[in-house]
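Values below: all heavy atoms of this structure, side chains included; hydrogens, waters and symmetry mates excluded. To find a chain, count down the sequence lines: A is the first, B the second, and so on, and within it residues start at 1.
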Amino acid sequence: MLSIYNTLTGKKEPFQSLQLKTVRMYVCGVTVYDYCHIGHARSALVFDVIRRYLEFSGYQVDFVKNFTDVDDKIIKRANERGVSCDVITAEYIEAYYQDMGKLGVRRATNEPKATQHMAEIIELVATLIQKGLAYQVAGDVYFQVDKYPAYGRLSKRKLEDLLAGARVDVDERKRHPMDFALWKSSKPGEPSWESPWGPGRPGWHIECSAMSMRHLGETFDIHGGGMDLIFPHHENEIAQSCGATGKEFARYWVHNGFVQINQEKMSKSLGNFFTIREIFEKSEWPDDITGEMLRYFLLATHYRGPLDFSDHAIQEAKQALDGFYDLFHRLAEVESQSTGDQRLGEAIRRVREQFTQAMNDDLNTPMALAAFQKLRSDVNKLVEQGLSTQARQQARAAFRELGSVMGLFQLDTWRFNPVRIQESQIISVQDEERAGVKGSLSDTNIDSKLAERNEARKQKDFKKADEIRQFLASHGIVIEDKPDGTSRWKR
RNA sequence: GGCGCCGUACCCAAGUGGCUAAGGGAGCAGUCUGCAAAACUGCGAUGCAGCGGUUCGAACCCGCUCGGCGCCUCCA
């Protein structure tokens with residue numbers, strides 16, 4: 001049974017969905033005015049894994065993740081470029097799908113946009129006014145926080161405390177300094193929608209209340225997002241939603257920790273953030289491998305803790321994955337020995353048990369990875385003892401199945417060496433290879449070189465054998481000799 | 001000023017009251033090997049920022065101190 005940390009109660013709780021076999025989950029997506037950075041990646045990935053694990057556990061997951069496509073920053077960006085907001089949002093939604101796609105983040109079952117829910121938003125604002133929880137000032141509508149007694153229950157703050165720390169000049173027209181906008185009248189040139197309060201656009205928080213209710217109902221199971229959304233965004237969502245319906249809103253509030261650079265939060269003002277596409281562009285590995293490296297890196301720390309991003313950390317993830325794919329490489333070979341076969345079932349049963357236990361404990365992905373490492377070690381030993389072709393396939397399938405929950409171990413080919421094109425390093429080149437680019441040797445080329453080398457080894461011509469190895473190494477090919485005199489290779 | 005987080009070996013990172021403090025990387029030693037790679041075996045924190053307290057028992061609970069950070073304004 002899954003236990004999950006609930007920000008609302010401040011402790012781990014057994015997870016129980018409202019409907020028997022369905023989980024309804026809403027996650028705050030991104031405001032589409034720029035490329036996503038590694039912090040967005042973490043958030044998207046964490047909830048992607050929660051979703052996958054719930055599905056793995058037998059639930060159907062109705063997963064809603066929004067795009068905020070009306071916002072000050074979008075308007076600003078549109079004005080800078082002299083285009084409409086639609087152009088900006090369309091561009092960055094597309095970029096989002098590209099970047100998250102490379103990371104293997106699955107699309108939510110529903111990905112609504114604020115601009116497509118104006119009717120629901122306006123209706124919700126009207127309800128709040130009607131209930132006396134919101135008031136109109138000129139063309140603006142504000143939520144009156146002191147009319148909602150439970151205000152602050154998510155972020156554990158008191159209204160008085162918030163006032164003391166207020167860093168912004170208070171708008172004189174507000175009844176209470178912490179009141180926040182539900183509807184903003186539009187200035188000329190800004191996108192606007194007709195409303196009972198005049199032309200305007202929604203405040204930031206109201207869209208999530210409106211869209212989650214529209215797609216998941218008034219009360220649903222999980223609401224998530226980054227830690228920074230706890231206040232004010234989620235606090236305000238609760239006030240609006242509960243205020244309007246008189247019912248509980250989301251039951252489990254789940255928040256992921258930040259990605260940091262050198263112990264500091266990434267931010268544009270510090271200039272210390274990395275976009276996802278920048279990371280892929282700079283990577284010396286193919287996209288599918290870079291994506292898996294990033295996933296491994298992001299999941300190697302518990303989702304609620306802080307996570308420091310660095311090249312070194314990414315390389316460690318690569319090394320860890322190399323170990324797994326090295327094993328998968330060997331598992332793909334044909335073998336008739338089967339001494340180790342009978343022990344395999346036990347090892348797989350154990351990893352399944354450990355994996356489930358780890359994930360059930362508040363999605364402890366680092367512990368789940370440790371379980372995979374244990375299986376890797378076990379299977380390596382069994383391979384040494386002799387594992388039949390069939391058992392090898394069974395082992396590979398186990399990694400693939402459990403790994404799929406974290407989006408790992410799904411690739412059929414892997415690269416152990418970066419592809420570096422440096423002509424000057426070519427050592428001995430024969431005509432047919434001279435034409436080719438470094439690192440682009442075909443499999444048949446490699447196989448024939450290898451056959452040549454093994455013939456030389458048989459003749460004890462180790463000088464020639466080493467030359468061939470060196471030649472292949474310069475193309476990023478590593479040879480591993482097997483006890484039986486044949487060799488395997490990897491790139 | 002309020003709310004909160006983090007500090008575990010060279011690095012990353014689980015564990016949050018009770019067997020020998022997971023796991024990975026790096027390192028060292030060994031097995032295997034023509035060499036190599038991979039794999040395997042062994043070594044590695046008598047201690048979990050520091051001090052004090054609670055307890056039969058604490059890295060885990062409480063208090064204080066030190067160091068680092070976040071939120072309270074848009075932010076994953």
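- No contact: Arg42(A) has no heavy atom under 4.0 Å from any strand.
- Counting only heavy atoms from C-beta on, Asn364(A) has its side chain closest to rG15(B) among rG15(B), rA38(B), rC35(B).
- Heavy-atom neighbours of Asp311(A) CG from other residues, nucleotides or ligands within 6.0 Å: at or below the threshold of 12.
- When heavy atoms are screened at a 4.0 angstrom cut-off, Gly305(A) is found touching no nucleic acid atom at all.
- Remark: Lys482(A) NZ is packed, more than 12 non-hydrogen atoms of other residues, nucleotides or ligands lying under 6.0 Å away.
- The interatomic distance linking Asp311(A) (CG) with rG25(B) (P) rounds to 20 Å, in whole Å.
- Residue contacts for Arg457(A): at a heavy-atom cut-off of 4.0 Å it reaches a base atom on one of the strands shown.
- Evaluation of atom-type donor-acceptor distances gives no pair under 3.5 Å for the side chain of Arg304(A) against the base of rC5(B).
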Would you tabulate the pairs of protein nitrogen or oxygen atoms and nucleotide nitrogen or oxygen atoms of nucleotides 18-24 of chain B closer than 3.5 angstrom?
{"from": "rG24(B)", "atom 1": "N2", "to": "Glu316(A)", "atom 2": "OE1", "distance (Å)": "3.2"}

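- Rounded to an integer number of Å, the gap from OH of Tyr35(A) to P of rA76(B) is 17 Å.
- Residue Leu229(A) is in sugar-phosphate contact alone, with no base atom involved, counting any heavy-atom pair closer than 4.0 Å across all strands shown.
- Distance NE2 (His234(A)) to P (rA76(B)): 11 Å, rounded to an integer number of Å.
- For the pair Tyr26(A) OH and rA76(B) P, the interatomic distance rounds to 13 Å; values are reported in whole Å.
- Looking at heavy-atom distances under 4.0 Å, His255(A) makes no contact with the nucleic acid at all.
- Taking the ring centre of Trp285(A) as origin, the terminal cationic atom of Lys318(A) falls inside the region bounded by 6.0 Å and 45° from the ring axis.
- Residue Val259(A) is classed as a base contact, given a heavy-atom separation below 4.0 Å to a base.
- Minimum atom distance to the side chain of Lys490(A) is reached by rA37(B), of the listed rA37(B), rC69(B), rA39(B).
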* Structure fact -> Given Watson-Crick and G-U pairs under 3.5 Å, RNA chain B in dot-bracket ([ ] crossing, | other strand) is ((((((((.[[[..)..(....]]].(((((.......))))).....[[[[[..)....]]]]])))))))....
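- A salt bridge between Arg457(A) and Asp461(A) is absent, with no side-chain N of the basic residue lying under 4.0 Å from a carboxylate O of the acidic one.
- Ring centers of Phe309(A) and Phe297(A): under 6.0 Å apart, within the cut-off.
- The residue Phe372(A) sits apart from the nucleic acid: no heavy atom pair falls under 4.0 Å.
- Lys463(A) has its NZ atom 18 Å from the C1' atom of rA36(B), to the nearest Å.
- Across all strands shown, Phe462(A) has heavy atoms under 4.0 Å from base atoms, whether or not it also approaches the sugar-phosphate.
- In this structure, of rA13(B), rA38(B), rA76(B), it is rA76(B) that holds the atom nearest to the side chain of Asp228(A).
- Within 4.0 Å (heavy atoms only), Asn380(A) reaches sugar-phosphate atoms of the nucleic acid but no base atom.
- Comparing atom distances between the Lys265(A) side chain and each of rG34(B), rA76(B), rA37(B) picks out rA76(B) as nearest.
- In summary, the aromatic rings of Phe67(A) and Tyr97(A) are positioned with their centroids under 6.0 Å apart.
- In this model, the phosphate group of rA76(B) is not approached by any side-chain N or O of Asn256(A) to a distance below 4.0 Å at OP1 or OP2.
- Using a 4.0 Å heavy-atom cutoff across all strands shown, Gln260(A) reaches sugar-phosphate atoms only and no base atom.
- Within the nucleic acid shown, His233(A) has no heavy atom closer than 4.0 Å to any nucleic acid atom.
- Heavy-atom neighbours of Arg343(A) CZ from other residues, nucleotides or ligands within 6.0 Å: at or below the threshold of 12.
- Counting non-hydrogen atoms of other residues, nucleotides and ligands closer than 6.0 Å to CD of Gln459(A) gives a total above 12.
- Using a 4.0 Å cut-off between charged nitrogen and carboxylate oxygen, Arg453(A) and Glu467(A) do not count as a salt-bridge pair.
- Place Val478(A) and Met266(A) on RNA chain B by their nearest nucleotides, and Val478(A) ends up nearer the 5' end.
- Backbone-only contact: Ala300(A) has heavy atoms under 4.0 Å from sugar-phosphate atoms and none from a base.
- Comparing Asp308(A) and Gly323(A) along RNA chain B, the residue whose closest nucleotide (by nearest heavy atom) sits nearer the 5' end is Asp308(A).
- Nucleic acid contact class of Gly39(A) (heavy atoms, under 4.0 Å, all strands): base.
- Summarising the geometry, the separation between CG on Leu387(A) and P on rA38(B) is reported as 21 Å, rounded to the nearest angstrom.
- Relative ring orientation between Phe416(A) and His329(A) is described as perpendicular, the plane-to-plane angle rising above 60° on a 0-90° scale split at 30° and 60°.
- With sequence neighbours excluded, the residues forming a ring pair (Phe, Tyr, Trp, His ring centres under 6.0 Å) with His37(A) are His40(A), listed by chain and number.
- Counting only heavy atoms from C-beta on, Lys156(A) has its side chain closest to rC3(B) among rC3(B), rG70(B), rG34(B).
- Distances from the side chain of Asp481(A) to the nucleotides rC40(B), rA76(B), rC35(B) place rC35(B) closest.
- For the pair Phe273(A) CZ and rC74(B) P, the interatomic distance rounds to 19 Å; values are reported in whole Å.
- Taking the six-membered ring for Trp and the full ring otherwise, Phe249(A) and His223(A) have centroids separated by under 6.0 Å.
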